[in-house]
Amino acid sequence: MKNIETKWLQDFLTLAELKNFSHAAAVRNVTQPAFSRRIKSLEAELGLVLIERSKTPIELTLCGKQFKTTALSILQQIDEEVSRLAGSSFDGRHTVRLSAAHSISISLLPKLHSCLLDPQLNTRLSVVANEVDDAVELLIDGKCDFLFSFYEDRLQVAPYRSIYLGRSYLYCVSAVDENGEVLFDLANKDDVPCLDYTPESYMGRALHRANSKLTNNTVCSSSMTDFIKALVLQGKGISWLPDYAIKDELASGQLKILPQREPVPLDLYVYRYYSKLHSSCEAMWNELSKICPIKELTGQSLIELSQPESQLTDKK
């Protein structure tokens with residue numbers, strides 16, 4: 001058993017956040033030499049180098065990044081157990097922190113209710129929906145247990161683990177008129193109003209990589225899928241929308257897919273750190289690994305929902 005003091009863990013987390021020994025020492029209300037000794041004591045007890053001191057500002061080593069999640073989990077568990085024993089805990093449940101991209105939190109997380117809201121896990125969820133890049137940063141900073149997001153190169157390697165959720169597709173769609181015909185037709189027009197994703201957004205970058213530009217007549221751009229979807233439904237223009245966000249609208253005939261553009265694939269994952277998490281988190285991770293990939297996410301069959309029956313018959 002390692003002889004580690006909780007104040008060392010708090011020191012380390014403060015240093016990881018501020019990236020400066022003197023600033024961290026001031027926040028922890030100790031002298032800088034004393035603070036440095038406590039960090040060295042933690043490293044010595046662990047037998048690991050946690051801090052890359054040669055860089056300015058300082059950085060965490062690979063071991064340091066992994067241990068950051070462990071330290072956060074340890075302190076959280078101690079706080080929750082003390083609260084439970086003091087009678088102030090919320091039903092003695094452990095809080096599992098989820099970070100997710102906006103559209104995923106609305107459309108995908110509810111489908112995972114059997115894993116995320118299993119009464120046997122005795123947990124409560126704290127879900128933060130964000131822009132994709134912000135959601136990713138929450139995991140990197142150790143501020144969430146699980147991240148539900150799209151494929152990210154930097155999260156496919158240590159110190160991260162991932163479970164493949166499934167493949168989704170971005171479809172080019174249009175609203176329809178009172179006769180059920182598409183409001184906009186790309187076949188013969190280059191000036192169709194287009195609702196774009198901002199270039200710095202994940203969807204914008206994905207479409208740029210796929211060279212999937214719609215038209216030169218961009219009337220509005222946004223990073224929010226739900227906002228763009230609302231404008232498309234209002235007939236303001238065409239856009240790319242993920243299949244999981246438009247399944248109902250395609251089935252009801254409110255939207256139709258424009259076949260002039262090939263769908264753009266999106267792979268979805270749930271990510272975490274390799275470091276061992278609270279037992280409730282580990283149980284939830286095991287349940288997720290059993291049901292994934294989710295077959296419902298494969299969206300190519302959604303094309304059928306937007307095509308006339310005669311076209312489908314011709315293809316058979």
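The shown structure was predicted, so the numbers you read here are calculated from the model rather than taken from an experiment.
The environment of Glu200 atom CD is dense: over 12 non-hydrogen atoms of other residues, nucleotides or ligands sit within 6.0 angstrom. For Asn211, the CG atom sits in a loose shell: 12 or fewer heavy atoms of surrounding residues, nucleotides or ligands are nearer than 6.0 Å. Other residues, nucleotides and ligands place no more than 12 heavy atoms under 6.0 Å from the NZ atom of Lys65. Under a cut-off of 6.0 angstrom, the local environment of CD in Glu262 is sparse, with at most 12 non-hydrogen atoms contributed by other residues, nucleotides or ligands. Within 6.0 Å of atom CG in Asn286, more than 12 heavy atoms from other residues, nucleotides or ligands are found, so the atom counts as buried in its surroundings.
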Is there a side chain to side chain contact (heavy atoms under 4.5 Å, CB included) between Leu98 and Val270? Walk through the geometry before answering. CA-CA 10 Å; Leu98 308 182; Val270 54; over 6 Å; no

Decide yes or no on side chain to side chain contact (heavy atoms under 4.5 Å, CB included) for Thr198 and Glu131, but give the supporting numbers first. CA-CA 12 Å; Thr198 53; Glu131 301 290 344; over 6 Å; no

Does the pair Lys290 and Glu287 meet the rule for a salt bridge (charged side-chain N to carboxylate O under 4.0 Å, His left out), with working shown? CA-CA 5 Å; Lys290 292 177 184 177; Glu287 290 301 311; 3.2 Å; yes

Pair Thr123, His278 - check side chain to side chain contact (heavy atoms under 4.5 Å, CB included), show working. CA-CA 11 Å; Thr123 60; His278 187 277; over 6 Å; no

Would you sort out whether Tyr202 and Ser149 count as a side chain to side chain contact (heavy atoms under 4.5 Å, CB included), showing the intermediate values? CA-CA 10 Å; Tyr202 185 90; Ser149 189; 5.9 Å; no

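In this structure, the side chain of Asn217 does not engage the main chain of Cys194 through any donor-acceptor pair within 3.5 Å. In this structure a side-chain-to-backbone donor-acceptor pair under 3.5 Å is missing from Glu249 to Gln254. In terms of modelled atom types and a separation under 3.5 Å, the side chain of Lys68 and the main chain of Phe12 share no donor-acceptor contact. A donor-acceptor pair under 3.5 Å is absent between the side-chain atoms of Ser162 and the main chain of Gln156, judged by distance alone. Arg167 places no side-chain N or O within 3.5 Å of a backbone atom of Pro265 that could act as its donor or acceptor partner. Of the possible polar contacts, one joining the Thr61 side chain to the Val49 backbone as a donor-acceptor pair under 3.5 Å is found. Using a distance-only test at 3.5 Å, with no hydrogens or angles considered, a donor-acceptor pair links the side chain of Glu45 to the main chain of Asn3.
Connection of Ile228 to Leu233 is established within a shared hydrophobic cluster, with ILVMFWY side chains joined at heavy-atom distances below 4.5 Å, either directly or through further cluster members.
With sequence neighbours excluded, no residue satisfies side-chain hydrogen bond (donor to acceptor under 3.5 Å, both in side chains) with Arg37.
With rounding to the nearest 0.5 Å, the separation of CZ in Arg97 from OG in Ser126 is 8.5 Å. Distance CG/Leu50 to CD1/Ile39: 8.0 Å, rounded to 0.5 Å. Atom CD1 in Ile257 sits 13.0 Å away from atom CD1 in Ile238 (nearest 0.5 Å).
Here the options are Thr215, Val219, Asn216, the test is side chain to side chain contact (heavy atoms under 4.5 Å, CB included), and the partner is Val192; only Thr215 passes. Of the residues Tyr269, Trp285, Tyr271, the one that meets the ring pair (Phe, Tyr, Trp, His ring centres under 6.0 Å) test with Phe146 is Trp285.
Leu48 is not listed as a side-chain neighbour of Phe67, based on a closest heavy-atom distance of 4.5 Å or more.
Residue pairs meeting the salt bridge (charged side-chain N to carboxylate O under 4.0 Å, His left out) criterion with at least one member in residues 207-226: none, sequence neighbours excluded.
Between the side chains of Tyr244 and Ser103, at least one donor N or O lies within less than 3.5 Å of an accepting N or O.
Taking the six-membered ring for Trp and the full ring otherwise, the centers of Tyr273 and Tyr160 sit less than 6.0 Å from each other. Trp240 and Tyr197 have their aromatic ring centers separated by at least 6.0 angstrom.
Using a cutoff of 4.0 Å between basic side-chain nitrogens and carboxylate oxygens, Lys143 and Glu17 are not scored as salt-bridged.
Nearest approach of Ala175 to Val232, heavy atoms of both residues: CB-O, 3.1 Å. The shortest non-hydrogen separation linking Ser73 to Lys276 is OG-O, 4.5 Å.
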